[in-house]
Amino acid sequence: MERPKILVTGAAGYIGTHTAVELIGAGYGVVIVDDLSNSDESAVDGVRQITGRDVAFIRADCNDMEALARVFEQNEFSGVIHFAASKAVGESVEEPLKYYRNNVGSFVNVLELMKRHGVPNMVFSSSATVYGQPDVLPATEATPRKPATSPYGNTKQVCEDILRDSVAAYPGLNGISLRYFNPIGAHPSALIGELPKGVPNNLVPFITQTAAGIREELSVFGDDYNTEDGTALRDYIDVVDLAKAHVVAVGRMIDGGMKERYEVFNIGTGKPVSVLELVNTFERVNGVKVPYKIVGRRAGDVESVWADTTLANTELGWQAEKTLEETLRTAWNWEKHIRGL
């Protein structure tokens with residue numbers, strides 16, 4: 001018997017496609033909604049190929065209340081995973097209104113329709129950006145949120161607050177915010193992965209494009225941080241491990257396992273890795289060179305942030321399983337697949 005049906009917004013994107021695959025593998029029905037503003041419909045075909053399922057895809061903008069309302073009217077959902085959002089930190093500084101409309105407005109629309117149709121469970125795609133540069137590391141869920149360094153980061157804080165307040169106000173609603181650290185890698189099949197439009201904002205796609213000869217060299221932003229090799233420290237989580245956390249979170253809600261009606265979990269590995277360590281590991285496991293140059297620090301970047309994942313490990317029963325080497329191998333296999341190398 002198929003498990004309940006889940007609406008996944010923004011699921012033609014990087015994390016959304018991998019989560020759709022894992023949900024289907026766990027027996028859930030999945031409906032994908034995406035406006036394809038920063039993704040491609042071929043990614044949905046990748047989900048279909050991996051799962052062998054004709055996954056329902058609806059092209060719609062979550063800011064279009066009428067289009068979104070039709071999705072809720074035509075389906076009976078047990079929960080929603082909300083990924084749909086603009087996500088480039090630099091662009092958000094230049095275009096804050098776009099980010100508030102797209103990220104906050106769409107989230108309010110989804111919650112209003114959940115309330116109207118009695119859909120009880122929301123998993124929100126949040127981010128470790130809400131911590132800024134923590135005073136104490138690793139960051140736990142109790143680590144104070146710092147004022148956001150970008151409108152993008154602020155939209156994640158605002159949406160977390162909206163979800164918390166909505167759960168407090170509406171008895172039928174439960175919410176879980178998953179604070180991701182740095183998702184990297186691709187599906188082992190190399191049929192889905194990160195497919196940025198234009199110049200990548202994230203480190204690993206820039207590494208793989210440089211290794212493939214698409215980019216001349218990688219810019220490493222700053223080597224004068226107070227870290228062992230001078231480059232920034234991050235917590236890099238395999239996208240498949242991250243996707244599985246969403247399946248566990250949905251199951252926790254549907255099966256009545258929540259301790260509180262609103263919960264927050266860090267999703268990372270708990271292991272800090274420097275930018276140069278990542279580049280060197282990529283070169284070593286894939287046998288390719290990545291030309292790079294050291295440039296000045298990038299505005300809005302923090303020096304070090306990584307997760308304390310104890311709560312997710314103990315409460316969700318989830319933990320990261322993939323090694324950095326495995327993950328960087330999948331990233332390169334994906335790049336080779338899309339370039340025909």
Side-chain angles (χ1 to χ4, degrees), residues 5-17 19-20 30-44 47 55-127 129-130 148 150-167 169-170 173 175-178 180 194-198 201 246:
K5 192 186 289 185
I6 307 299
L7 169 63
V8 190
T9 68
Y14 174 43
I15 303 169
T17 48
T19 300
V30 170
V31 174
I32 291 175
V33 167
D34 202 298
D35 67 355
L36 303 182
S37 60
N38 194 35
S39 54
D40 194 277
E41 196 171 344
S42 63
V44 181
V47 173
V55 184
F57 168 64
I58 299 161
R59 184 171 183 174
D61 183 343
C62 291
N63 278 303
D64 183 342
M65 192 65 163
E66 285 182 28
L68 199 58
R70 284 194 292 274
V71 175
F72 277 83
E73 284 156 11
Q74 292 163 10
N75 295 277
E76 196 169 315
F77 297 118
S78 295
V80 177
I81 302 177
H82 185 69
F83 293 109
S86 301
K87 61 174 189 173
V89 171
E91 184 191 43
S92 78
V93 175
E94 294 161 11
E95 296 278 355
L97 292 180
K98 171 185 174 180
Y99 274 68
Y100 288 112
R101 179 179 292 113
N102 211 21
N103 296 9
V104 180
S106 67
F107 188 54
V108 170
N109 284 351
V110 172
L111 286 172
E112 283 189 352
L113 287 165
M114 288 176 67
K115 181 168 168 279
R116 187 184 303 172
H117 292 272
V119 179
N121 301 310
M122 161 62 82
V123 177
F124 174 59
S125 164
S126 192
S127 165
T129 57
V130 301
S150 70
Y152 163 75
N154 199 35
T155 65
K156 293 299 183 184
Q157 293 188 348
V158 169
C159 288
E160 280 192 3
D161 293 345
I162 290 169
L163 182 54
R164 182 201 63 218
D165 293 346
S166 297
V167 166
Y170 310 126
L173 183 64
I176 291 179
S177 291
L178 297 181
Y180 316 156
E194 192 165 6
L195 193 62
K197 290 192 175 182
N201 284 293
H246 294 78

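Positions are given from 1, in the same order as the sequence printed here.
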May I ask you to test the [X]-[Y] pair for a side-chain heavy-atom distance under 4.5 Å?
X	Y	answer
L7	F72	yes
Y180	I15	yes
L195	Y14	no
L163	S177	yes
D34	E41	no
R164	F124	no

Search all heavy atoms of [X] against all heavy atoms of [Y] and return the closest pair with its distance.
X	Y	value
A12	V44	CB-CG2, 4.0 Å
S92	P151	O-CG, 3.1 Å
T19	H246	CG2-CB, 3.6 Å
N201	A88	ND2-CB, 3.5 Å
K5	E76	CB-O, 3.7 Å
V130	E160	CG1-OE2, 4.1 Å

Pairing residues for Q74 by the side chain to side chain contact (heavy atoms under 4.5 Å, CB included) criterion, not counting sequence neighbours: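 Only R70 meet the side chain to side chain contact (heavy atoms under 4.5 Å, CB included) criterion with Q74.
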
Donor-acceptor pair, distance only, cut-off 3.5 Å: does the side chain of [X] make one with the backbone of [Y]?
X	Y	answer
N75	V71	yes
N121	S78	yes
S126	L178	no
N109	C62	yes

How far does [atom1] of [X] sit from [atom2] of [Y], to the nearest 0.5 angstrom?
X	Y	atom1	atom2	answer
N38	K197	CG	NZ	6.5 Å
L68	E112	CG	CD	10.5 Å
Y170	D165	OH	CG	9.5 Å
S106	D64	OG	CG	12.0 Å
S166	L173	OG	CG	6.5 Å
F107	S125	CZ	OG	10.0 Å

Would you check if there is a donor-acceptor pair between the side chains of Y152 and N103 at a distance under 3.5 Å?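 No, no side-chain donor-acceptor contact under 3.5 Å.
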
Does a donor on one side chain and an acceptor on the other come within less than 3.5 Å for Y99 and E91?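 Per modelled atom types, Y99 and E91 side chains form a pair under 3.5 Å.
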
Give a yes or no on whether K115 atom NZ has more than 12 heavy-atom contacts from other residues, nucleotides or ligands under 6.0 Å away.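 Atom NZ in K115 is not crowded, with 12 or fewer foreign heavy atoms closer than 6.0 Å.
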
